[in-house]
Amino acid sequence: MKKIITICGPTGIGKTAFAIFLAKALHGEIIGADSMQIYKYMDIGTAKPDASERAQVRHHLVDFLDPAQDFDAGQYAEMADQAIDTIVENERLPVVTGGTGLYIRALLYGLFRSRPVCRTTLTELTKTLEKKGGPYLHRQLESCDPAAAQRIHPHDGFRIIRALEVFLTTGVPISQKQTQHGFAHPRYRSLTLGLYMDRHDLYDRINQRVDMMMAQGLFAEVQDLVEKGYDLNLKSMQSIGYRHMGWIINRDMDLDTAVSVLKRDTRRYAKRQFTWFRKEPGIVWMTPEQTGRAVALVKDFLTSP
RNA sequence: GGUGGGGUUCCCGAGUGGUCAAAGGGAUCAGACUGUAAAUCUGACGGCUCAGCCUUCGGAGGUUCAAAUCCUCCCCCCACCA
């Protein structure tokens, strides 16, 4: 099984710099694991590694997709697999870096099926959801997949729809697939490094970073995207930062309020990431300053059988 | 100096005698998460030896079986008048 390094942690903690340092020290190349940095033209708001950073270390799966395109964890894992193959062939070390927990999990353990989602079914179910509400669909789910219904809250329309979609298109309850799969089989040997720091310090950093993004022209970036024809309702345009600028553009909110809500939403996101990564198994936790320790750990990891 | 309005749990803010540890919102914390995940969703939120008890609604007294709610005095804030 191939060995890879994975770096995860909440937004704004300094993963980019940490990963670049590590990659340079260890002949590595970086594979992004970020659901928004994949998009082209979205640079400031996603805190994408800039040109000079990308000149130092080769980056994969960053800045390659049109913002109007959908993407998902399955595609991510597939493309990351290819990137890893290429990097290993070139005798370099793959350093997967990012904050999208599901993408990392999908890469490291795979997902329960290899077929893409059925968009038509999804759209239909979404319509029903809007018309009849979550509890209605939840009752349907209860009759075809009671186990899933028990796990999913009646208000979590997103998950109810997914569960129904799986049952409708495959005839197999999602709960059964999930149980069988169980993320039980690693696809790589990963040394996973998790970055953490004092929560208040991280929140301060996030607040400052948002101010910095605004100073760098986040608003103009979003305006440009809109002018290029990217609808504010796109998945990509509904992400943190972009939707907030959209509210200003649409005059739904004044700038000061939008910025403070943007900070708040970023903080909440970081918190959710902590919750996710905290329970992921096998993560070695360290602060972003512990680069020396990280290098030593990686060397150990690479020489071990 | 005078008149009017106001001080409520971390913040904003409702509450005018019991059904009030106190609506609602915000912030925060905790959690869920298997192909939209920067998304979607849930819970907690005065304290405790937790189906009960204790301490809270500017302060001190008082009325009452019972007060955040009524009365008295005091402190502070705001508006207007001088």
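Chain letters run A, B, ... following the sequence lines, proteins first and then strands; every chain starts at 1.
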If we take the [atom1] atom in both [N] and [M], what is their distance in whole Å?
N      : M      : atom1 : answer
C20(B) : A66(B) : C1'   : 13 Å
C29(B) : A21(B) : P     : 29 Å
G17(B) : C12(B) : C1'   : 27 Å
U19(B) : U28(B) : C1'   : 31 Å
G58(B) : G13(B) : P     : 14 Å
A68(B) : A23(B) : C1'   : 14 Å
G7(B)  : G15(B) : C1'   : 15 Å
C53(B) : G1(B)  : P     : 49 Å

Among Arg267(A), Arg209(A), Arg205(A), Arg272(A), side-chain hydrogen bond (donor to acceptor under 3.5 Å, both in side chains) partner for Thr11(A):
Arg209(A)
Rounded to whole angstrom units, what separation is found between the [atom1] atom of [X] and the [atom2] atom of [N]?
X         : N      : atom1 : atom2 : value
Leu202(A) : U28(B) : CG    : C1'   : 15 Å
Glu130(A) : U40(B) : CD    : P     : 13 Å
Phe71(A)  : U36(B) : CZ    : P     : 12 Å
Phe277(A) : A37(B) : CZ    : P     : 14 Å
Arg187(A) : U34(B) : CZ    : P     : 18 Å
His155(A) : A32(B) : NE2   : C1'   : 15 Å
Lys271(A) : A32(B) : NZ    : P     : 10 Å
Ile160(A) : U36(B) : CD1   : P     : 15 Å

Between Asp81(A) and Tyr76(A), does any side-chain donor sit less than 3.5 Å from a side-chain acceptor?
no
Does the side chain of Glu29(A) come under 3.5 Å of the side chain of His59(A) through a donor N or O and an acceptor N or O?
no
Counting side-chain heavy atoms from CB outward, which of [options] is closest to [X]?
X         : options                : result
Phe158(A) : U36(B), U34(B), U42(B) : U36(B)
Thr100(A) : G31(B), A37(B), C29(B) : A37(B)
His181(A) : U34(B), U28(B), A37(B) : U34(B)
Asp156(A) : C33(B), U36(B), U40(B) : U40(B)
Arg199(A) : C29(B), U42(B), A37(B) : C29(B)
Tyr203(A) : C41(B), U36(B), U28(B) : U28(B)
Asp72(A)  : U36(B), C41(B), U28(B) : U36(B)

When we call it a touch if two heavy atoms are under 4.0 Å apart, what does [X] touch: a base, just sugar-phosphate, or nothing?
X         : result
Gly45(A)  : base
Asp34(A)  : base
Thr266(A) : nothing
Gly241(A) : nothing

Under 3.5 Å on both distances, the Watson-Crick or G-U partner of [N]:
N      : answer
G4(B)  : C78(B)
U9(B)  : none
G52(B) : C48(B)
U34(B) : none
A68(B) : none

Answer yes or no: does a side-chain N or O of [X] lie under 4.0 Å from OP1 or OP2 of [N]?
X         : N      : result
Arg272(A) : C41(B) : no
Tyr103(A) : A37(B) : yes
Arg243(A) : A39(B) : yes
Lys279(A) : C33(B) : yes
Arg278(A) : G31(B) : yes
Arg267(A) : U28(B) : yes

Is there a ring-ring contact (aromatic ring centres under 6.0 Å, His included) between Phe183(A) and His181(A) once you walk through the steps?
CA-CA 6 Å; Phe183(A) 296 112; His181(A) 179 83; 5.2 Å; yes
Do other residues, nucleotides or ligands put more than 12 heavy atoms under 6.0 Å from the CD atom of Gln150(A)?
no
Could you check whether atom NZ of Lys228(A) has more than 12 heavy atoms from other residues, nucleotides or ligands sitting under 6.0 Å from it?
yes
Taking the six-membered ring of Phe64(A), is NZ or CZ of Lys40(A) closer than 6.0 Å to its centre and within 45° of its axis?
no
If two hydrophobic side chains count as joined below 4.5 Å and joins carry through other members, does Leu191(A) share a cluster with Leu93(A)?
yes
Residue closer to the 5' end of RNA chain B, Ile240(A) versus Lys177(A) (nearest nucleotide)
Lys177(A)
Identify, between Gly110(A) and Ser239(A), the residue whose nearest nucleotide on RNA chain B lies closer to the 5' end.
Gly110(A)
I'd like to know if Arg105(A) reaches the base of U34(B) with its side chain, counting only an N/O donor and acceptor under 3.5 Å.
no
Given Asp252(A), which partner from the list Ile248(A), Asp254(A), Asn250(A) fulfils the side-chain contact (heavy atoms from CB on, under 4.5 Å) test?
Asn250(A)
